[in-house]
Amino acid sequence: MNAVAQGHERVITLADAIREGITESFAKDDSTFLFAQGVSDPSSMWGTLKGIGNKFGEDRVIEMPIAENGAVGIAIGAAIAGQRPIISFHRVEFALLAFEQIVNNAAKSSYISNGQHKVPLVIRMVIGRGWGQGPEHSQSLEPLFAYFPGLKVVMPAFAADAKGMLIAAIEDDNPVIFIEHRFLHYSTGHVPEGYYKNALDGPRIVREGKDVTIVATSHGVLEAMRAADVLHKIGCSAEVIDMRVLRPLNVAPIVASVSKTGRLITVDTGFVRFGLGAEIVASVMTEVFDALKAAPVRLGLPDHPTPSSRGLIPGFYPDSQRIVREAGKILALDQVKVDSALKELDIQRKDLQIDQPDPFFKGPF
Amino acid sequence: MNAVAQGHERVITLADAIREGITESFAKDDSTFLFAQGVSDPSSMWGTLKGIGNKFGEDRVIEMPIAENGAVGIAIGAAIAGQRPIISFHRVEFALLAFEQIVNNAAKSSYISNGQHKVPLVIRMVIGRGWGQGPEHSQSLEPLFAYFPGLKVVMPAFAADAKGMLIAAIEDDNPVIFIEHRFLHYSTGHVPEGYYKNALDGPRIVREGKDVTIVATSHGVLEAMRAADVLHKIGCSAEVIDMRVLRPLNVAPIVASVSKTGRLITVDTGFVRFGLGAEIVASVMTEVFDALKAAPVRLGLPDHPTPSSRGLIPGFYPDSQRIVREAGKILALDQVKVDSALKELDIQRKDLQIDQPDPFFKGPF
Amino acid sequence: MNTVAAPRKSLSAVGSPDPKRQIDLYRQMLRIRLIEEAIADHYAEGEMRCPVHLSIGQEAIAVGACAALETSDKVYSTHRCHAHYLAKGGDLKRMMAEICGKAAGCVGGRGGSMHLMDIPKGVMASIPIVSSSIPVAVGSALADKRMRNGKVTVAFFGDASVEEGVFHESANFASLHKLPVIFLCENNLYSVYTRIDERQPNRPLTELAKAHGMHAAHGDGNDLDECHRLSVQAVERARNDQGPTLLVLDTYRWREHCGPAFDNHIGYRAESEFKDWEQRDPIRRYRERIGAALDATMESTMSADIMAEIEDARAFARATPLPDPGQATRHVYA
Amino acid sequence: MNTVAAPRKSLSAVGSPDPKRQIDLYRQMLRIRLIEEAIADHYAEGEMRCPVHLSIGQEAIAVGACAALETSDKVYSTHRCHAHYLAKGGDLKRMMAEICGKAAGCVGGRGGSMHLMDIPKGVMASIPIVSSSIPVAVGSALADKRMRNGKVTVAFFGDASVEEGVFHESANFASLHKLPVIFLCENNLYSVYTRIDERQPNRPLTELAKAHGMHAAHGDGNDLDECHRLSVQAVERARNDQGPTLLVLDTYRWREHCGPAFDNHIGYRAESEFKDWEQRDPIRRYRERIGAALDATMESTMSADIMAEIEDARAFARATPLPDPGQATRHVYA
Ligand SMILES: Cc1ncc(C[n+]2csc(CCOP(=O)(O)OP(=O)(O)O)c2C)c(N)n1
Ligand SMILES: Cc1ncc(C[n+]2csc(CCOP(=O)(O)OP(=O)(O)O)c2C)c(N)n1
Ligand SMILES: [Mg+2]
Ligand SMILES: [Mg+2]
């Protein structure tokens with residue numbers, strides 16, 4: 001899986017891209033430090049922290065006891081005092097224990113202090129699915145954080161963006177919730193070498209189209225891209241928007257896209273109800289009331305927790321096939337063509353099982 | 001402020017109605033118990049717990065140490081073991097410390113246990129505003145809880161409903177988040193005596209109308225009713241829907257109303273972004289795409305924390321005047337009439353200040 | 001409040017149990033060991049598609065503690081719940097089916113290995129968020145005390161769990177109200193790959209109890225009789241309204257934190273450390289203590305029976321169907 | 001890591017300070033008392049439209065502890081922050097303006113009485129969520145240790161704060177890393193209207209430190225010299241990399257939990273208890289200790305000066321404008 005160095009053409013995993021982002025930031029600014037559980041353990045958070053302790057010295061990596069609320073409060077205090085801590089949570093669920101610190105002291109210190117305090121803190125959290133993790137190890141909870149002004153909430157989908165946005169998040173003087181989908185760690189892409197920043201400034205059109213706008217986040221963007229590919233072959237041109245940043249929320253590019261396409265599909269990694277899709281649809285409706293030519297479609301998780309068994313999850317996650325089917329409906333595409341597109345997605349997936357991001361993936365995490 | 005007993009005509013405060021609801025449930029089922037901070041102190045949570053310890057004995061009221069996460073976990077364990085605990089948080093912020101317990105063990109125990117466990121637990125939380133409480137003592141965070149299937153999230157607006165819904169919540173075999181707006185404790189209404197239940201089954205049309213649908217929660221419903229009154233006088237007929245229940249969400253009555261009126265205004269007690277209004281607008285759009293004749297309007301809090309100073313909050317809270325103004329816009333009402341309606345609201349409010357629910361209210365809480 | 005204080009079989013077992021009982025306890029440990037090894041041996045086959053946290057090396061604590069409990073008593077466990085589930089009498093077939101994600105699993109395939117439960121046997125829940133089960137166990141004890149039913153609840157947890165504030169919040173409340181609950185800390189020195197001295201200051205774990213005026217005891221978690229004796233004493237205190245106990249039992253996890261393999265080579269702990277603890281294998285030690293009372297033929301039938309039971313359970317787990325996807329929407333609400 | 005260990009004036013103050021110093025410390029306590037009483041006297045006028053948690057009766061702790069600190073040292077406080085803010089040198093005018101919700105307030109009217117801060121004086125923040133400021137204070141100490149700047153941080157909190165798990169999480173980390181932080185617990189026996197024995201088991205609060213292998217000291221919170229001496233020792237330990245201290249100081253809140261009034265009549269505590277503590281008024285006691293060194297004329301000018309300063313500050317707070325509503329959207333992000 002490792003980088004095949006070919007200059008700017010080199011392809012690495014998103015996990016390695018994150019490791020590079022941290023490494024570059026560490027080299028540039030020694031007020032940065034890592035604060036995580038198992039910060040120097042061999043698994044090193046799925047490789048994203050590998051070797052950083054050895055390279056920069058142990059006092060740049062601080063082992064975090066199993067005490068998330070205290071840990072985030074400590075990181076906030078260190079940030080207010082001028083350091084730049086980077087916290088990593090192996091699962092978003094662990095961050096729930098620190099929710100009070102995150103939404104009060106992290107999100108509001110700048111505001112309450114009338115601008116006298118800054119909280120340059122990055123909190124990485126892993127969301128998503130995988131290998132029967134079950135109801136308490138695979139939730140996607142980004143709307144909980146996006147609800148709070150004062151936080152920045154980012155969700156990269158591509159390796160290069162993950163590195164650039166992480167570096168930007170570390171340089172940012174605000175608390176940044178940096179959300180990684182577990183399946184994305186295995187995804188690969190071209191990633192530039194060295195220190196570079198990708199602005200935390202909102203959505204990007206990652207594929208242009210004119211018939212339908214698909215707005216997605218994180219791993220959902222990859223599903224949307226797959227869907228767009230096969231839709232293209234049946235003559236449907238989908239525009240795919242990678243949200244990237246949920247807070248502060250910039251809906252302008254989406255409004256512009258929908259004004260062009262007249263059709264909207266949103267893809268949440270979390271629940272449909274009270275999810276990002278709700279905010280997107282509502283924002284579009286209030287800003288361009290008559291742009292839509294058909295009812296918007298919100299995809300995401302149904303109203304129940306994530307079961308562990310692979311027997312219970314077929315149909316649970318919104319995937320490229322769901323997107324193609326919904327696009328077929330709102331664009332009234334010829335069913336024969338839609339079926340051929342679905343067929344092609346089947347073929348692409350081969351015998352990869354529903355709980356595997358990748359053929360080599362065999363658990364146990 | 002206390003009850004003027006006149007049989008069914010008796011008028012009492014919502015705070016007293018809640019106390020009656022608890023009292024009636026205590027008399028009926030001795031597996032119920034109160035678990036709160038200062039459970040038997042003289043202030044007795046703004047009167048809502050007054051005298052219950054004396055009436056039912058000290059072992060029905062358990063003092064909760066200042067340890068919210070542990071307390072909720074303990075209540076969950078007691079509920080699983082067959083008791084019916086009622087927790088009260090003086091501020092929703094304190095519940096944030098128990099967020100992990102609430103969204104994992106409370107919300108998911110029935111699901112994860114494949115239906116073998118029940119968690120008959122009521123968690124009261126106070127949201128809203130008042131007397132310079134500031135950024136960490138007056139937030140409205142209902143969307144955070146509404147995001148989770150497995151929880152029931154209710155927000156009564158009227159005294160009679162508060163009593164009936166609280167009794168229903170205590171009888172319910174699921175964890176119920178019972179949200180009270182601080183200002184509502186002072187509101188009064190006709191409240192039946194004795195034990196009665198109001199179903200936790202979703203929205204109610206509390207005022208019929210044909211020109212515009214106003215969907216509000218909790219204290220927002222009172223603002224909407226005030227607005228509807230003065231709108232009526234200028235010939236605009238507003239239908240007011242009291243949401244009552246945010247999870248499980250029932251949008252059917254709203255869809256039906258909007259199909260009739262063609263216009264929608266939502267009023268959140270919390271932030272507009274990622275709030276209930278977003279879910280309502282998105283649900284309406286997906287279910288009846290062409291019902292709306294004008295862009296929907298979402299009212300709620302702007303994107304910043306709640307400042308303490310009365311100097312900073314003018315315009316911060318969505319009130320009856322905001323609602324009237326927005327209704328005037330989407331219905332293109334004659335500005336002279338709208339101004340007269342706004343004038344009347346001024347007169348009604350007299351010299352009541354922005355941080356007072358009630359003339360007698362002088363803090364310090 | 002008074003609690004029912006009927007004589008309990010466990011109490012008779014203080015000191016060193018009679019040979020028959022010893023053999024039974026030995027068999028329970030051996031059975032857990034062989035089940036865990038079977039899971040490890042077959043994990044790679046890809047039938048068990050969820051995390052597994054094996055308790056190989058820690059069997060004496062589960063067996064010693066549960067032997068001090070009645071079936072009507074309760075336990076709450078963590079991500080590492082297999083041994084607790086089995087020692088308390090949890091159904092093996094339904095455990096194996098759960099780990100394989102099958103409909104016949106103890107929670108219908110919804111939870112997997114980290115969420116084992118068997119209510120009739122008093123295995124109330126296993127919760128994989130560190131320490132999240134501790135206050136729930138305390139609440140269970142609160143309810144039992146209110147209902148005066150004389151039940152005792154054990155909260156099993158690891159050495160990292162005491163770092164979570166909620167452990168302290170739970171201990172403060174349990175001690176204040178003298179609840180019939182036992183805080184059982186299995187100190188296996190590690191949290192995942194991190195040693196306890198990187199996470200906590202150097203002081204005896206029993207000092208944690210002092211903060212809350214709670215009774216505490218410490219012992220060798222690889223000595224079944226000691227685990228049992230200390231558990232019996234803690235249960236007695238709990239039943240007699242003398243309040244909770246913090247029980248700290250030292251032990252060691254033989255395999256990787258999560259998964260089937262050994263991992264002494266990856267560098268977070270020394271092979272020699274593992275070897276030392278292997279010498280203190282709770283099962284071999286207990287076998288020696290029993291001595292001739294268990295003869296060769298008895299022993300081989302014993303393991304043969306266990307292996308047959310395991311094969312049976314594995315066959316059942318393989319054969320029984322996956323849940324129907326339509327089931328996934330059920331039980332969101334009671 | 002080594003920390004700068006320059007000689008500090010505070011160290012010279014161990015034992016009982018010289019008369020000049022004593023008079024200065026007495027004046028600080030008196031000033032805080034008179035300021036708090038002024039707030040109480042004028043609260044009903046409706047100019048101060050936010051909760052106020054007065055520290056009348058608890059002045060010795062704030063003054064004794066802050067006198068052991070340099071201006072460059074830091075304190076974090078809670079909802080009951082007035083005395084800490086003033087003792088550490090916080091600006092009175094900006095405090096009064098803040099309580100009145102004015103633009104000139106120390107946080108521009110955004111926080112009110114529960115959010116006082118004055119960064120140049122080392123009053124980093126006051127946070128009204130119980131214990132929420134404790135880990136933040138520890139993080140501040142972590143940063144200072146990393147930067148080797150020799151600063152010490154004091155976390156002030158009440159007796160209820162130790163019930164929150166995050167207190168323990170913070171103590172564990174501070175002790176493990178020997179951070180230059182002092183956990184200063186003002187035990188005034190109550191959390192709002194609930195007595196400590198209804199919330200915690202009966203054991204000395206200093207036992208809390210044992211759970212985390214932390215140094216602890218206990219003293220009379222109404223004896224200024226004792227508060228100061230124990231603080232100086234704790235500061236010395238912190239500066240010399242000997243790690244954190246839990247300082248438990250007993251005291252009593254004279255007025256209601258929140259608001260201007262006395263509330264002994266409402267029934268949660270006995271008038272007699274209050275009277276006993278009134279006898280131990282830290283200010284009167286210290287006045288007696290000073291004796292003749294402070295003569296009548298000096299004393300009357302002292303109070304006159306303080307009253308003048310207070311009137312001045314109140315006049316300023318009244319006169320200075322409310323913030324413009326447009327300001328409310330600023331500083332959401334840095
Ligand atoms: C709140 C929380 N934080 C972190 C984790 C990740 N995690 C899973 S198991 C584990 C180790 C716990 O160690 P210990 O309590 O000693 O139990 P052991 O695994 O040694 O049996 C951790 C940190 C978690 N599940 N929950
Ligand atoms: C997390 C949290 N829970 C509850 C409260 C409500 N509350 C405000 S002050 C207070 C009392 C705290 O008592 P103590 O720590 O002894 O401080 P004191 O008021 O006595 O100075 C409580 C419970 C809160 N602010 N935060
Ligand atoms: Mg361990
Ligand atoms: Mg107190």
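Lettering follows sequence order; numbering is per chain, from 1. Everything numeric here is computed off the predicted structure, so don't read it as measured data.
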Checklist entry - Run the side chain to side chain contact (heavy atoms under 4.5 Å, CB included) check on His304(B) and Arg330(D) step by step: do they pass? => result CA-CA 8 Å; His304(B) 64 79; Arg330(D) 297 187 57 214; over 6 Å; no
Item to check | His137(B) vs Met114(D), side chain to side chain contact (heavy atoms under 4.5 Å, CB included): CA-CA, chis, key distance, verdict | outcome: CA-CA 10 Å; His137(B) 274 55; Met114(D) 303 194 291; 4.0 Å; yes
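- Residues Ser161(D) and Ile66(B) are not in side-chain contact: their nearest non-hydrogen atoms beyond the backbone lie 4.5 Å or more apart.
- Annotation for Pro51(D) and Trp131(B): closest pair CD-O, 3.6 Å, computed over non-hydrogen atoms.
- Using a 4.5 Å cut-off between heavy atoms, Asn69(B) makes no contact with chain D at all.
- Shown here are the side-chain contact (heavy atoms from CB on, under 4.5 Å) partners of Pro135(B), two or more places apart in sequence or in another chain: Lys108(A), Ile112(A), Pro305(B), His115(D).
- Options Arg199(D), His53(D), Arg110(D) differ in how many heavy-atom pairs under 4.5 Å they form with chain B, and the most are formed by Arg110(D).
- From Glu163(D), atom CD reaches atom CD of Gln37(B) across 8.5 Å, with rounding to the nearest 0.5 Å.
- Of the atoms belonging to Ser191(D), it is side-chain heavy atoms, and not backbone ones, that fall under 4.5 Å from chain B.
- The candidate from Gly311(B), Pro314(B), Gly315(B) with the greatest count of non-hydrogen atom pairs under 4.5 Å with chain D is Gly311(B).
- For Asp263(D), no part lies near chain B; criterion is any non-hydrogen pair under 4.5 Å.
- With respect to chain B, the highest number of heavy-atom pairs below 4.5 Å among Ala160(D), Gly112(D), Cys258(D) belongs to Cys258(D).
- The CG atom of Leu322(D) sits 5.0 Å away from the CZ atom of Arg310(B) when rounded to the nearest 0.5 Å.
- A distance of 10.5 Å separates OG of Ser43(B) from CD of Glu256(D), quoted to the nearest 0.5 Å.
- One distance of note links CG of Asp303(B) with OG1 of Thr329(D); it measures 10.5 Å at 0.5 Å rounding.
- The side-chain heavy atoms of Pro65(B) and Gln200(D), taken from C-beta on, include no pair separated by under 4.5 Å.
- Only the side chain of Phe94(B) comes within contact range of chain D, with heavy atoms under 4.5 Å apart.
- Only the side chain of His257(D) comes within contact range of chain B, with heavy atoms under 4.5 Å apart.
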Item to check | Pair Thr194(D)-Glu63(B), side chain to side chain contact (heavy atoms under 4.5 Å, CB included): steps then yes or no | outcome: CA-CA 8 Å; Thr194(D) 307; Glu63(B) 180 61 32; 3.4 Å; yes
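- Only the side chain of Leu97(B) comes within contact range of chain D, with at least one heavy atom under 4.5 Å from a heavy atom of that chain.
- When the shell of 6.0 Å around CG of Asn202(D) is examined, it contains 12 or fewer heavy atoms from other residues, nucleotides or ligands.
- Rounding to the nearest 0.5 angstrom, the gap separating the CD atom in Glu98(D) from the OG atom in Ser309(B) is 8.0 Å.
- A 4.5 Å side-chain heavy-atom check between Asp41(B) and Val192(D) finds at least one atom pair inside the cut-off.
- In terms of the salt bridge (Lys or Arg N to Asp or Glu O under 4.0 Å) criterion, residue partners of Glu223(B) (sequence neighbours excluded) are, by chain and number, Arg226(B).
- Phe167(D) does not touch chain B: none of its heavy atoms, backbone or side chain, sits under 4.5 Å away.
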